[in-house]
Engineer: 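Dropping the structure in here first, questions after.
Chain A is the first sequence line, chain B the second, and so forth, proteins listed ahead of strands; every chain is numbered from 1.
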2 protein chains.
Amino acid sequence: MARATILIVEDDKAIRLGVRDVLQMGGYAVREAGTGTSGLDIACAGGIDLVLLDILMPEMNGLEMLEALRRARPSLPVIILSALGEGPDRVRGLRLGADDYVVKPFGADELLARVEAVLRRSAERPVARSSLTIAQRTIDLERRQITHADGTRCMLSEREAEVLHYLASCAGRPVSRDELLQRIWGIDPRGVRSRTVDMTIARLREHLRDDPNDPAVIRTIRGRGYMIDAEGES
Amino acid sequence: MARATILIVEDDKAIRLGVRDVLQMGGYAVREAGTGTSGLDIACAGGIDLVLLDILMPEMNGLEMLEALRRARPSLPVIILSALGEGPDRVRGLRLGADDYVVKPFGADELLARVEAVLRRSAERPVARSSLTIAQRTIDLERRQITHADGTRCMLSEREAEVLHYLASCAGRPVSRDELLQRIWGIDPRGVRSRTVDMTIARLREHLRDDPNDPAVIRTIRGRGYMIDAEGES
DNA sequence: GGGGTTCGTCACAAGTCTGTCACACGCCGG
DNA sequence: CCGGCGTGTGACAGACTTGTGACGAACCCC
C-alpha cells in the first residue's frame, strides 16, 4: 500500500482537525466525517483503508455505525477512539470486532503506532478473491453463483455468500462461530448459543452439495468452527 | 482453545497478584514470573498463549525480554503493562512487536477486554504452517490433523492435540503424567491416580497408528512418563 | 517365584458439540 | 391480502469427547 487512506469519524471538530494533522504528518491520506451516517456512506463507497471511529457521537452512535459497517465491509479495519470512563462501551466495541481502540487523550506517537500496527495486520490478511474453484465447484462470489462439475448452477443467498466469502478469505484456518457472528452478523457473541451459523452453513453445504459427513468444501473442526482448506491442500 | 494460559511477568508482587486474580476471575489459567529471565524461560518452555509483560523491571528490562522473546517465539502474543509517562518506551514496545499495551493503573474490565481482543486476533492470524514430521507421519498441530504415509488423514481431538503438542515441544526428554496433568489439565496431581493421561495417550497412539508394544512416535518410559524422540535420533 | 507397582485397554457414563427439523417472522412482489 | 423466499430460533437426536473404575498383563526388585 503506497499511501493508506484513513477515514476519521468524529463529531468534535477540534479533535478531528488535530487527528487529521497527525495522520497527514505521518504520511497518510485523510478523509473526514462529522457524523456516523456520513461516515458510513464514505466508508461503504470504498477507497478507505482504515476507519478511526469516535464512539460518542450525536445522530448515530459509534457502536451502531460499527455494527452497520461490519455488515457492509466486514474486513475494513476500525480503530475506536474512546474517552476514559466509557468502560462498558469499550468492551462492547472490541467484542463487536473493532481492531483496536485508543483512549483519549492520546499522543501523536501513540496514535501513529496503533494505526501502523493495525494496517500492518490488515495487510497480512490474504485478499479474498471474487471467484474461486474448490473441489470441482466454481464459485462466483460477485454473482453469488455456484457452478457444479456437471454444469448445473445455483444461486446463493446474501448471507450464504457472505459466509462463504469470509471462510474463503480465511482459507487454511478454522473460523469460529463467534468470529463469524462478529464479522458477518455484527453481533456481540457473548453467551449467544443459537443455531444461526450452523443453519447458514447447512444451507450453504446443501447448495454446494457438500456432505457434512464427508465434506469436500467446508470442513467442521469440532470445538473450533468451520474451515475451507487452503489451495494446494487436498 | 478451551482455556487460555496467560503468563504474567511483573516484579511488583502486589500488582502481580491483583492481575492474577482478575485473569482467573475471567476464566484464564495463569502462570507468574517475577523477573524477565524466569519469564523468558517459562514462555519458551511452551504452554503459554499470551504474555503480560511489565516494562520496568530490575535484572532484565522488559523491552530486552520482549526482544529475546520475539526471537524465540515470534508469534506468541504480548501485552505490555506500562506506567503512565513512559511514552517513548510505549512506542518502542509496539514497534518491537508487542500486540498491545495497557497503561497502569488499569481497570479489570479494560485488562480483560484487551486480553480477549489480543487472543482473538492471535487466533485469527493466518497460521504459519507449523507442522512436524515424525516417523512418516505429518502432524499439523494447528489444525489437529495427522497425515499418514499413505496420504490418509485423520483428525485429533482437542485434548489429544494438546498432549501431542506438549510432548513434541519437550521432544528428547520423558514427560511425566504429573507434568501433563499440571500443564494441560491444570490439575494438581498430588495423589491423583487415574488413567486419564494413559487413555489420552492410547487414543493418540491409535490415531497415529502407533503400536504401544513397538512405538514409533510416543515411547513409554516406565516410571517416568512418555517421550517423543528428538529430531535426528532414531 | 512372590508381591507390589506400573501400564494398556475395555466398557461405560456424563457432558458437550453438531446437524437438522419445524416453525415463525419479516420482506417483497403480485 | 396472499404466498414465496430468506433468515433466525428452539427443540432434539445423534455423534463425539473425555474421565473413571475395573481388570489383566507386564515389569521390577528381592
Engineer: Please determine whether any donor N or O and acceptor N or O are separated by less than 3.5 Å between the side chain of B:Arg222 and the base of C:dT5.
Structural biologist: yes
Engineer: How many whole angstroms separate atom CD1 of A:Ile184 from atom P of D:dG6?
Structural biologist: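 My rounded result for the distance is 18 Å.
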Engineer: Give the rounded distance in Å between these two atoms: CD of A:Glu162 and P of D:dG6.
Structural biologist: 14 Å
Engineer: Expected output is a numbered-order residue list: members of residues 201-218 of chain B with a heavy atom under 4.0 Å from any atom of DNA chain D. What is it?
Structural biologist: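 Heavy-atom cutoff 4.0 Å gives B:Arg203.
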Engineer: I want to confirm an ordering. Mapping B:Met155 and A:Leu156 to their closest nucleotides on DNA chain D, which one lands closer to the 5' end?
Structural biologist: A:Leu156
Engineer: Quick one: is A:Tyr226 getting a side-chain N or O under 4.0 Å of the C:dC17 phosphate, OP1 or OP2?
Structural biologist: no
Engineer: Just compare D:dT18, D:dG8, C:dT18 and give me whichever is closest to any side-chain atom of A:Thr200.
Structural biologist: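 From the listed options, D:dG8 comes nearest.
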Engineer: Can you tell me which residue pairs pass the salt bridge (charged side-chain N to carboxylate O under 4.0 Å, His left out) test with a partner in residues 135-146 of chain A, sequence neighbours excluded?
Structural biologist: A:Asp140-A:Arg143, A:Arg144-A:Glu158
Engineer: Tell me what B:Arg195 touches on the nucleic acid: a base, only sugar-phosphate, or nothing, going by heavy atoms under 4.0 Å.
Structural biologist: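 Base, at least one base atom sits under 4.0 Å.
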Engineer: Is the phosphate of D:dG8, meaning OP1 or OP2, less than 4.0 Å from a side-chain N or O of A:Ser194?
Structural biologist: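 Indeed not, no polar side-chain atom of A:Ser194 lies that close.
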Engineer: Is there a donor in the side chain of A:Arg219 and an acceptor in the side chain of B:Gln145, or the other way round, less than 3.5 Å apart?
Structural biologist: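 A donor-acceptor contact under 3.5 Å links the two side chains.
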Engineer: Which atoms form the tightest heavy-atom contact between B:His148 and B:Cys154, and what is the distance?
Structural biologist: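 What the structure gives for the nearest pair is NE2-SG, 4.1 Å.
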Engineer: Spell out, as yes or no, whether a donor-acceptor pair under 3.5 Å connects the side chain of B:Asp229 to the backbone of B:Gly172.
Structural biologist: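 No, B:Asp229 side chain to B:Gly172 backbone: no donor-acceptor pair under 3.5 Å.
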Engineer: Tell me whether the side-chain N/O atoms of A:Arg224 come closer than 4.0 Å to OP1 or OP2 in C:dC17.
Structural biologist: no
Engineer: Would you say A:Leu167 and A:Ile201 make side-chain contact, with heavy atoms under 4.5 Å?
Structural biologist: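 The answer is yes; the side chains approach within 4.5 Å.
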Engineer: For the side chain of A:Thr196, counting heavy atoms from C-beta on, which of D:dG19, C:dG8, D:dT9 is nearest?
Structural biologist: D:dT9
Engineer: Ignoring backbone atoms, test whether A:Trp185 places a side-chain nitrogen or oxygen under 4.0 Å from the OP1 or OP2 oxygen of D:dG8.
Structural biologist: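 Affirmative; the distance criterion is met.
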Engineer: Less than 4.5 Å apart, side chain to side chain, heavy atoms only: is that true for B:Thr5 and B:Tyr28?
Structural biologist: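 No, every pair of side-chain atoms sits at 4.5 Å or beyond.
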Engineer: Measure CD/A:Glu158 against P/C:dC28 and give the value in whole Å, please.
Structural biologist: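 From A:Glu158 CD to C:dC28 P: 13 Å.
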Engineer: For residues A:Arg205 and A:Tyr226, determine if any side-chain heavy atom of one lies less than 4.5 Å from a side-chain heavy atom of the other.
Structural biologist: yes
Engineer: Go through C:dT20, D:dG19, C:dG19 for me and flag the one nearest to the A:Thr220 side chain.
Structural biologist: C:dG19
